[in-house]
> 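Provided herewith is a single structure, encoded as structure tokens, for subsequent inquiry.
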Amino acid sequence: MAMLTRRTLMKGALVVGAYAGGMGLAGQLGKPASARAATTLLTRRTDALITDKGPTRAAMTYGDAEVPPVLRMRRGVPFALRLENGLDEPTTVHWHGLRIDNRMDGVPFLTQPYVYGGDGFDYAFTPPDAGTFWYHPHCNTLEQMGRGLAGVIVVEDPADPVFDAEIVLNLRDWRLGGDGQFIAQFKPRDAARAGTFGTVRTANWRQTPQYDAPAGGLVRLRIAATDVTRILTLNVDGADALVIAADGNPVADRFALDHLMIGPGQRLDLALRMPETEGAIAALMDLRGTKPTTLVTFRATGASLKRNLQDLPALAANLLSEPDLSAATEIPFILSASAEERPKDGICGSLGYNFWAINKVPWADDSGDPTAPLAEMKAGRTYIFNVENPTPQVHPLHLHGLAFKPMNSNKQALRPHFSDTYLILPDEKVQLALVADNPGDWVFHCHIIEHQKTGMTSYVRVT
Ligand code: C2O
Ligand code: CU
């Protein structure tokens, strides 16, 4: 333990409490949750100030503020929250990346009933891992997430290193027309390709917001890619940044951020060293696509704190079961295109198409008629998912309830790391090794929501 370093960091540490930079997120839900005091999380329609064209009508949010609150939890401490559904359609909450009880996982039919408008549901669980996670519906997901239902979860560990500031970034796009109002969430032709992209890009529901942080200070940036479609290539301009955690789990060896690709559902924790001089600006950039986009800027304030990234203590590892590769059972998962018509049934918002499949089975998700599990696993045993992507698209594959270690890609050099979402490239073959240590039915799907909703969904069963 680098005690000396830690003491240095704590001296004069300014922990920014307004996680959205003074945009009103630090409401009742911003406080650490205690085990007993069940908080209420209300889903509702709202007007949102996203563009300069005036309020965008009929957005959807959680809670009282315009933007969904950052939910703060503590590793190993029971958390309870009552969902109140103020929408005129059913919803549920899925806690993306949290390895919790299957009954709390938020998947209609598979793990819980619909929560109809006017109804509620009590979620209660103990988050086992510290890190950056997020929450979103698993019903009519394209529409509900597209209109705003996605918030960030911070699970704290008392042993977390102290930073001079913390900034939580919920990165997402919106499908808005020139008048700033919602347009159709998807085009079938795009759903069969990379997905339908948003037209307005935001961080915490604002276009290129600017945050202040102490000059020469160390900032913990907690980034969640909550968009339904867009893959990002992240870089920081004007400051040094280290990747300290990815998808909730600390990376074994921190490394400098350099054109790192993350997909919908993934998270990245960066240690950002602010510029020395007051007023200097650093920027978080997306370099994917034809022109670079500035997502967020950071302005240095005050006299330099003269911190050094190298002095930052390592994050404590989460307690995850190490796969036993000598006794592993391999299971194939082959992604593919599909072309079946699909009736627009189901009250969780079927898109009416099957464009995708896993092991040739298209499951349109949120459906009243789930197919059989694609694999059955025995609790406590090690499995290796042999995933192949012969399609021309990149797919962020997300597994609920369990953590896997990606290994042996034929396309990318992998760092040893536990994750819940793997961004698989075209023609990539990868192995995801895991211990099936959490019983239940766990969904395994692409997090490009149009792919998820048009067939690229399955589930596995742990008994
Ligand atoms: Cu964020 Cu089923 O996932
Ligand atoms: Cu996909």
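As the structure lists them, so they are numbered: ligands from 1, and atoms in each ligand from 1. Bear in mind the structure is a predicted one, so any value in this text is a computation, not a measurement.
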> What orientation do His400 and His445 show, parallel under 30°, tilted 30 to 60°, or perpendicular over 60°?
perpendicular

> Under 2.8 Å from atom 1 (Cu) of ligand 1, is there an N/O/S atom belonging to His447?
yes

> Suppose we call two aromatic rings close when their centres sit under 6.0 Å apart. Are His447 and His395 close by that rule?
no

> Using side chain to side chain donor-acceptor pair (under 3.5 Å), reason through Asn85 and Arg44 one step at a time and then give a plain yes or no.
CA-CA 7 Å; Asn85 185 6; Arg44 61 183 183 93; over 6 Å; no

> Apply the test side-chain contact (heavy atoms from CB on, under 4.5 Å) to residues Glu450 and Gln185: give CA-CA distance (whole Å), side-chain angles for both, the deciding distance (0.1 Å), then the verdict.
CA-CA 9 Å; Glu450 288 157 80; Gln185 285 295 349; over 6 Å; no

> Have a look at Asn249 and tell me which of Thr132, Asn318, Asp269 forms a side chain to side chain donor-acceptor pair (under 3.5 Å) with it.
Asn318

> Less than 6.0 angstrom separating the ring centers of Phe385 and Phe404, yes or no?
no

> Using 2.8 Å as a strict upper limit, say whether an N, O or S atom of His138 approaches atom 1 (Cu) of ligand 1 that closely.
no

> Can you tell me if, anywhere in His96, an N/O/S atom lies at a distance from atom 2 (Cu) of ligand 1 that is smaller than 2.8 Å?
no

> Short of 2.8 Å from the Cu ion (ligand 2), name each protein N/O/S atom, waters not counted.
His395 ND1, Cys446 SG, His451 ND1

> Please confirm if an N, O or S atom belonging to His445, backbone or side chain, lies less than 2.8 Å from atom 2 (Cu) of ligand 1.
yes

> Relative to each other, are the rings of His94 and His398 parallel, tilted or perpendicular (30° and 60° limits)?
tilted

> Once you measure the plane-to-plane angle for Tyr116 and Tyr114, does it fall in the parallel (<30°), tilted (30-60°) or perpendicular (>60°) bin?
perpendicular

